[in-house]
Amino acid sequence: MITFEIGAEAGAQLERARELGRRYLRPLGIEADRKREPVPPEHPFFLLAWQQGIGQPIGVEEPRAAGGPRTAARRGVLLAEEMSYWDRGMSVALPGLGLGGPPLLSMGTPEQKERFLAPFRDTTRPHWAAFGMTEPGAGSDVAGIQTSAVRDGDAWILNGAKTFISNSMRAEWIVVWATIDKSLGRAGHRAFIVERGTPGLEDLRYEHKMGLIAYESSSFTLRDCRVPALHLLGGEAHYAGRAGFKGAMKSFNATRPAIAVMAIGIARAAYDAARDFARQHYRLDRPIPRYQRYREKLARMARKIEVGRLLCWRAAWLADAEQPNEVEASMAKAFCPQIAQEATSLAVEILGDAGVASEHYVEKLYRDVKAMDIVEGTGQIQRIVMARRLVGLPH
Ligand SMILES: Cc1cc2nc3c(=O)[nH]c(=O)nc-3n(C[C@H](O)[C@H](O)[C@H](O)COP(=O)(O)OP(=O)(O)OC[C@H]3O[C@@H](n4cnc5c(N)ncnc54)[C@H](O)[C@@H]3O)c2cc1C
């Protein structure tokens, strides 16, 4: 039985997120979009959020009472939708472990967790982490990463390039995926923690995006980058068999429902903007068919938003119940960005010419939403995953 009941504390967290979103996330997201620049890490808002314990809605360590039910995935989904409703770009710009958290928490040794979580306990300034898998020549095909890792005494030498890595220019450390032997495919994958300032971590630069401008997407080069052997995530023992690649995939399955529901947050924002516009412009002297079309479009948006949200909740519930959720997480990730694209497009239609004017919020949402179908596994790739699992089609 699926339960949506996750305790009073979640309700209070949601209320705080709503207030934060209304006061800061949306205004700052709009400001970044107008300036066409990410919000800089030294912006006072980040310190304020950090000191109030508000970070990115994913990658959070489970504060669970002994024996109590796991609720982290569902709390993540709840908060991710709310923050994305206010501004998806700003919700990723918030300080915290982000996508770097799940691999550290699930694969890291106790010593690694102690060391790399330590900066995140410092409340005097905000801290970020990042996750670097994608390369200029390997995105969907993660097995094809080319960044090499060669053992040299008590260190590993990394060489390669990573692209579109969220928050990597401001990150305390980046989980960098590399291969010890390309011919081994996924079995050759290893994850390393590369700290900011490590010699050989070079050429960090922004990528300019059409939407989600508030957070930075950056590329970088690893040139003879020497990483201590102790920074191999999980230690040597972790990589027996296919555990390395499985570690990356497991961390994606845990975060995918929260990423999928962010599209629902954007869709809900588009729905609200279109509904408010329709209400404002509803006049009895206008011909009825026009309002019928508004109504039909709004009802279609509301219906699909609800279906998408339920898919995310089911995938998150399975994660909390520690049951396999690969198919459900892929269904949510394949479905939600598509319906969010439809919702933002319908919102623009409802507003008519005003819909493409930059002073109307739906124009920004229309640009923000596209990347949701690309990040963390594109829609096409999710459909391949589902096909493989459901009908046994080969990868
Ligand atoms: C805003 C943003 C933030 C990101 N943040 C991060 C991050 O923090 N860390 C990180 O590591 N990466 C990040 N990425 C990268 C993201 O994970 C990749 O862009 C994504 O995996 C797709 O890879 P690609 O861009 O190389 O496209 P490709 O893999 O080259 O795909 C191009 C197109 O071909 C399709 N395609 C590919 N293979 C197949 C196939 N077998 N069958 C059918 N269709 C196929 C894809 O669906 C896509 O439409 C981010 C990307 C964006 C846009």
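Since the structure is predicted, the reported quantities are computational estimates derived from the model, not experimental observations. Numbering of ligands and ligand atoms starts at 1, following listing order.
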* Asked: Does an N or O anywhere in M133 fall below 3.5 Å from an N or O of ligand 1?
  -> yes
* Asked: Looking only at non-hydrogen atoms, which of S166, S140, G144, S218 approaches atom 37 (C) of ligand 1 most closely?
  -> S140
* To do: Indicate whether any N or O donor in one side chain lies under 3.5 Å from an N or O acceptor in the other, for E135 and T163.
  => no
* Show which atoms of ligand 1 fall inside a sub-4.0 Å distance from at least one heavy-atom site of G139. => 21 (O), 23 (O), 24 (P), 26 (O), 29 (O)
* Would you mind listing which atoms of ligand 1 come within a distance below 4.0 Å of any non-hydrogen atom of Y215? => 1 (C), 2 (C), 3 (C)
* **Region of I384 that comes within reach of ligand 1 [heavy atoms, distance under 4.0 Å]** => side chain
* **Modelled atom types, side-chain donor and acceptor of T255 and E376, under 3.5 Å** => yes
* Inter-residue atom distance I157.CD1 - D152.CG, 0.5 Å rounding -> 4.5 Å
* Asked: Given the protein's heavy atoms, is any one of them under 4.0 Å from atom 16 (C) of ligand 1?
  -> yes
* To do: Could you tell me whether Y239 and H189 have their ring centroids closer than 6.0 angstrom?
  => no
* Distance from atom 9 (N) of ligand 1 to nearest protein heavy atom, with residue and atom -> F131 O, 2.8 Å
* To do: Flag Q380 as yes when one of its N or O atoms lies below 3.5 Å from any N or O atom of ligand 1, and as no otherwise.
  => yes
* Any N/O of T378 closer than 3.5 Å to an N/O of ligand 1? -> yes
* Asked: Quick check, are the ring centers of W128 and F46 under 6.0 angstrom apart?
  -> yes
* Asked: Does R205 reach the main-chain N or O of D203 with its side chain, forming a donor-acceptor pair under 3.5 Å?
  -> yes
* To do: Heavy-atom contacts with I165 under 4.0 Å: which atoms of ligand 1 show up? List them by number with element.
  => 7 (C), 8 (O), 9 (N), 10 (C), 11 (O)
* Has ligand 1 got any nitrogen or oxygen that is less than 3.5 angstrom from a nitrogen or oxygen of T134? -> yes
* Asked: Any protein heavy atom lying closer than 4.0 Å to atom 30 (O) of ligand 1?
  -> no
* Asked: Taking it one step at a time, do L14 and E19 satisfy side-chain contact (heavy atoms from CB on, under 4.5 Å)?
  -> CA-CA 9 Å; L14 190 63; E19 180 59 12; over 6 Å; no
* To do: Could you find the nearest protein heavy atom to atom 13 (C) of ligand 1 and give me its residue, atom name and distance?
  => F164 O, 3.0 Å
* Taking atom types as modelled, is there a side-chain donor on Y361 or R26 under 3.5 Å from an acceptor on the other? -> yes
* Within the structure, does at least one protein heavy atom fall under 4.0 Å of atom 25 (O) of ligand 1? -> no
* Does atom 35 (C) of ligand 1 have a protein non-hydrogen atom under 4.0 Å from it? -> no
* Is K209 close enough and on-axis enough to Y215, meaning under 6.0 Å and within 45°, for cation-pi? -> yes
* Do S218 and E207 have side-chain N/O donor and acceptor atoms under 3.5 Å apart? -> no
* Asked: Counting each atom of ligand 1 from 1 as listed, which ones have a heavy atom of V375 under 4.0 Å away?
  -> 1 (C), 2 (C), 3 (C), 4 (C), 51 (C), 52 (C)
* Polar contact flag, side-chain donor to acceptor under 3.5 angstrom, D272-Y85 -> yes
* Structure fact -> Logged contact type for I374 with ligand 1, heavy-atom cut-off 4.0 Å, is both
* To do: May I ask whether I381 has any heavy atom positioned less than 4.0 angstrom from an atom of ligand 1?
  => yes
